[in-house]
Amino acid sequence: KAGVTQTPRYLIKTRGQQVTLSCSPISGHRSVSWYQQTPGQGLQFLFEYFSETQRNKGNFPGRFSGRQFSNSRSEMNVSTLELGDSALYLCASSLVGSDETQYFGPGTRLLVL
Amino acid sequence: GNSVTQMEGPVTLSEEAFLTINCTYTATGYPSLFWYVQYPGEGLQLLLKATKADDKGSNKGFEATYRKETTSFHLEKGSVQVSDSAVYFCALIGRGGADGLTFGKGTHLIIQP
């Protein structure tokens with residue numbers, strides 16, 4: 001099976017712009033989670049989607065949003081970018097009802113100038 | 001809430017040395033426990049997991065045992081190689097998975113030839 005894929009892999013934006021990141025889960029996985037990784041804060045949970053519904057959200061401002069499509073693919077959007085949004089954004093997929101193991105994609109590295 | 005504590009390092013060892021990376025956790029209920037590894041410029045790879053007390057996860061010579069009485073999940077390897085140099089993350093997730101993974105801050109492991 002193909003693994004989790006994320007596009008784009010690298011992105012450079014300027015403050016105030018918005019960005020959309022995409023994630024395709026492993027075939028058959030219906031849960032998709034997003035994480036932000038920074039040197040200062042480490043790995044932090046952004047949100048989780050299952051069956052096109054956001055089930056939970058981490059402690060991030062409303063500028064961070066996401067959605068999931070009927071084929072389980074997911075996108076996350078960050079509006080009004082700030083310098084502090086520079087990070088590696090990781091997507092993970094899992095089979096709901098199993099042992100909740102999450103499998104990660106390679107990430108999208110976002111640099112905000 | 002949930003939390004994971006692990007030694008941050010860097011931990012520097014010689015090739016063929018014995019490795020232990022300590023991990024303790026705080027969680028409600030009965031979480032699943034994981035070790036992930038991250039190589040430079042890459043996403044997270046699942047190294048091993050354990051879903052209930054006294055389970056032992058193992059992979060590529062690494063082992064960790066789910067100890068409920070001490071709320072620990074220490075990672076061990078009998079003989080490390082240069083190729084094991086990476087950042088190792090201990091993590092947990094609650095039943096249902098909707099709250100996402102809670103990660104430790106990561107341990108940077110450096111193996112010298």
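Owing to the predicted nature of the structure, the values given are computational and were not obtained by experimental measurement. Every chain is numbered from 1, with letters handed out A, B, ... down the list of sequences.
- Using a 4.5 Å cut-off between side-chain heavy atoms of Ile, Leu, Val, Met, Phe, Trp and Tyr, with links allowed through other members, A:Leu46 and A:Phe50 fall into different hydrophobic clusters.
- B:Leu46 touches chain A through its side chain: at least one heavy atom from C-beta onward sits under 4.5 Å away, while N, CA, C and O do not.
- Residue A:Phe47 does not touch chain B at all, counting heavy-atom pairs closer than 4.5 Å.
- Among A:Arg109, A:Arg9, A:Gln37, the residue with the largest count of heavy-atom pairs under 4.5 Å with chain B is A:Gln37.
- Across all their heavy atoms, A:Glu100 and B:Ile93 have their closest contact at CB-CG2, 3.7 Å.
- In this structure, the portion of A:Leu88 lying under 4.5 Å from any heavy atom of chain B is its side chain and not its backbone.
- Between the B:Tyr36 side chain and the A:Phe104 main chain, no donor and acceptor come within less than 3.5 Å of each other.
- When all heavy atoms of B:Lys49 and A:Tyr103 are compared, the closest pair comes out as NZ-OH, 4.3 Å.
- The contact between B:Leu44 and chain A is made by backbone and side chain atoms together, counting heavy-atom distances below 4.5 Å.
- Shown here is A:Arg63, whose CZ atom has more than 12 heavy atoms of other residues, nucleotides or ligands within 6.0 Å.
- Two residues are said to be in side-chain contact when any heavy atoms from C-beta on lie closer than 4.5 Å; B:Gln38 and A:Leu43 fail this criterion.
- Note on B:Ile111: it does not cluster hydrophobically with B:Phe89, by side-chain heavy-atom contacts below 4.5 Å among ILVMFWY residues.
- The hydrophobic clustering, which links ILVMFWY residues whose side-chain heavy atoms are closer than 4.5 Å, places B:Leu75 and B:Val37 together.
- Under the 4.5 Å side-chain heavy-atom criterion for ILVMFWY residues, a single connected hydrophobic cluster contains both A:Leu110 and A:Phe64.
- Side-chain heavy atoms closer than 4.5 Å link hydrophobic residues (I, L, V, M, F, W, Y) into clusters, and following such links, possibly through other members, connects A:Met76 to A:Leu11.
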Checking B:Asp99 against A:Phe45 for the side-chain contact (heavy atoms from CB on, under 4.5 Å) test, could you report, in this order, the C-alpha distance in whole Å, the side-chain angles of both residues, the deciding distance, and whether it holds?
CA-CA 8 Å; B:Asp99 291 341; A:Phe45 170 69; 5.5 Å; no
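- In this structure, no portion of A:Ser31 lies under 4.5 Å from any heavy atom of chain B.
- Of the two parts of B:Gln45, neither the backbone nor the side chain holds a non-hydrogen atom closer than 4.5 Å to a non-hydrogen atom of chain A.
- Of all non-hydrogen atoms in B:Leu101 and A:Tyr35, the two that sit nearest each other are N-OH, 2.8 Å.
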